Amino acid sequence: MASIKTSVPKGTRDFSPVEMVKRNYIFDTIKTVFRKYGYQEIQTPSMENLDTLTGKYGDEGDKLIFKILNSGNFLNAARKKDVDFTDENGSAKLTSYISEKALRYDLTVPFARYVVMHQNDIAFPFKRFQVQPVWRADRPQKGRYREFYQCDADVVGSDSLLNEAEFILIYDEALCNLGLTDVTIKINNRKILSGIAEIIGKPELIVDMTVAIDKLDKIGLDGVINELLERGFTASDIEKLKPVILLEGTNEEKIASLKAVLAVSATGLKGIAEIETIFKYLKDLTSQISNLKSQIQLDITLARGLNYYTGAIFEVKANGVSIGSIGGGGRYDDLTGMFGLKGLTGVGISFGADRIYDVMEELQLFPESANETTKVLITNFDAESERYALPLLTQLRSLQIATELYPASAKLKKQMSYADAKQIPFVILIGSEEIQSGKLTLKNMKTGEQQQLDREQLIQKLTD
RNA sequence: GUAGGCAUAGCUCAGUUGGUUAGAGCAUCAGAUUGUGGUUCUGAGGGUCGUGGGUUCGAGCCCCAUUGCUUACCCCA
């Protein structure tokens with residue numbers, strides 16, 4: 001048989017039955033918590049119009065969008081346009097002629113599109129959750145895939161900071177239910193970052209500033225300073241930044257120092273006030289913030305890349321595991337503005353299900369149970385026993401017992417091996433003896449014991 | 001886009017300074033056992049050593065190119 005080397009595109013994976021059980025456990029756990037907090041599920045198409053997505057994720061992001069080639073003779077269509085095939089930078093122009101659809105890059109932008117499209121049917125504030133795969137044309141590496149699932153919850157049309165506080169509770173509850181108890185939920189506020197850039201006198205460099213100080217954990221203070229210099233900050237700017245970057249202590253202590261540093265920045269103070277309000281909500285919701293399983297940490301070096309965050313920024317890390325963040329989110333004041341609907345604020349979070357899977361695997365947090373699929377296998381000796389077994393098969397299934405009849409009269413050894421490989425806990429043997437006596441043999445695959453039972457007893461045994 | 005590592009059976013990998021017919025474990029199939037799995041024993045099938053070129057009497061091994069995978073950087077879940 002001629003064989004081709006089989007593979008899947010890099011950064012993508014197959015999921016085996018065993019893996020799917022675990023994955024669904026994660027999805028179900030997260031979804032249950034979302035619903036409990038009043039979020040409703042929606043889905044959007046895997047592909048969006050290309051122009052819905054482009055320009056929303058920055059230049060780097062745009063490059064990582066998987067574009068779908070037009071059907072038909074796109075080459076001729078491109079020729080008719082004024083594409084210069086010798087131009088090194090001509091591919092961007094060409095793209096617009098040969099591709100008009102793309103795979104979704106995240107769930108937030110399609111959601112914004114959804115809200116604008118269906119604004120007349122939506123009761124605001126609108127709380128939705130969405131669990132679907134997204135695609136990024138990235139270089140895969142540990143914990144980074146080209147196809148992965150996000151579990152997003154967002155609310156639009158409410159500027160209350162109660163939402164932010166509840167998202168922290170959702171993170172805490174969902175991750176705790178999954179067995180992830182050693183987790184840090186980092187929180188920051190874009191307005192604090194703006195305030196810092198303001199007092200340095202370089203508000204236009206806020207993105208460069210945040211990208212650089214975000215790496216403190218990774219490259220250390222010297223690395224951050226070098227990067228800041230490369231990005232256009234002076235030595236005296238950095239002197240002003242240093243105390244802020246190196247801020248330490250409890251959340252309360254950090255807030256107190258920030259208040260002093262940012263005293264002249266109205267924006268910065270507003271950011272601090274928002275954080276304080278969120279903490280206050282948390283306290284009232286939990287009676288003690290320390291009742292939460294996760295550690296809540298104000299971290300002003302936290303600056304997720306997404307350019308549209310305007311208020312709170314979240315990031316979630318599993319401690320003791322060398323994998324990037326397992327979740328993130330934040331507030332964006334003008335979520336739908338890019339699609340022409342102004343003045344709608346949104347705030348949301350995302351769980352990275354694939355990374356949570358990797359972390360749980362590494363920490364061995366998956367429960368043993370729920371692995372069994374079929375509960376009973378009926379063996380198949382010959383045509384007569386097969387015919388005898390069919391009504392029983394139907395009867396067991398009608399009682400919601402997952403049952404299968406081995407579909408051929410293969411050797412018993414083979415049938416038993418099949419049951420074993422599939423971890424089926426019970427096997428019913430029906431041969432000429434059983435048909436004659438009406439007593440069927442039920443074998444418990446775990447203990448190996450066998451019993452002769454009539455139908456009533458058998459069903460009794462299996463429905464226990 | 002930048003830099004490193006790897007590529008040998010379905011899977012995980014050995015393979016000596018280059019030397020006869022390329023091995024193991026797992027998996028699969030068959031038998032020991034014609035009505036009994038998971039343990040055991042015996043046997044079998046399965047390879048263009050990623051691809052193309054070069055050096056050599058001789059290449060899985062050395063050299064060049066190429067493709068794929070992978071790790072790190074940028075960026076991100």
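Everything quoted here is computed from the prediction, not taken from an experiment. Chain identifiers are assigned alphabetically (A, B, ...) following the order of the sequence lines, protein sequences preceding nucleic acid strands; residue numbering begins at 1 within each chain.
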If you take any heavy atom closer than 4.0 Å to RNA chain B, which residues from residues 349-358 of chain A end up in contact? Arg355(A)
Measure the shortest side-chain to side-chain distance between Val8(A) and Arg13(A) over non-hydrogen atoms and say whether it is less than 4.5 angstrom. no
Before accepting this row, confirm whether a basic side-chain N of the pair Glu41(A)/Arg35(A) lies closer than 4.0 Å to the acidic partner's carboxylate O. yes
Pairing residues for Gln132(A) by the side chain to side chain contact (heavy atoms under 4.5 Å, CB included) criterion, not counting sequence neighbours: Gln43(A), Thr44(A), Arg104(A), Leu107(A), Gln130(A)
Hunt down any stem RNA chain B takes part in, defined as 3 or more consecutive Watson-Crick or G-U pairs whose two distances are each under 3.5 Å. B:1-7 with B:67-73, B:10-13 with B:23-26, B:28-32 with B:40-44, B:50-54 with B:62-66
Check nucleotides 38-42 of chain B against the protein and report each pair of N or O atoms closer than 3.5 Å, with its distance, or say if there are none.
residue: G38(B); atom: O4'; partner: Asp420(A); partner atom: OD2; Å: 2.8
residue: G38(B); atom: N2; partner: Lys446(A); partner atom: O; Å: 3.4

Tyr418(A)-G37(B) aromatic stacking (under 5.5 Å, under 30°): no
Distances for protein N/O vs nucleotides 72-74 of chain B N/O pairs under 3.5 angstrom?
residue: A72(B); atom: OP2; partner: Gln141(A); partner atom: OE1; Å: 3.3
residue: A72(B); atom: OP2; partner: Lys142(A); partner atom: N; Å: 3.2
residue: C74(B); atom: N4; partner: Arg144(A); partner atom: NH1; Å: 2.8

With rounding to the closest Å, how many angstrom separate the P atoms on G54(B) and U12(B)? 32 Å
Could you tell me whether the side chain of Gln450(A) has a donor or acceptor atom within less than 3.5 Å of a complementary atom in the base of G35(B)? no
Cation-pi geometry met for Arg23(A) and Tyr149(A) (6.0 Å, 45°): yes
Run the numbers on Tyr105(A) and Phe66(A) for ring-ring contact (aromatic ring centres under 6.0 Å, His included), then give the verdict. CA-CA 8 Å; Tyr105(A) 178 89; Phe66(A) 270 111; 9.8 Å; no
Within the side chain of Arg331(A), is there an N or O that forms a donor-acceptor pair under 3.5 Å with the backbone of Ala312(A)? no
Going by atom type alone, with no hydrogens or angles, which donor-acceptor pairs under 3.5 Å involve a side-chain atom of residues 204-211 of chain A and a protein atom two or more places apart or on another chain?
residue: Asp208(A); atom: OD1; partner: Arg231(A); partner atom: NH1; Å: 3.0
residue: Thr210(A); atom: OG1; partner: Ile206(A); partner atom: O; Å: 3.1
residue: Thr210(A); atom: OG1; partner: Val207(A); partner atom: O; Å: 2.8

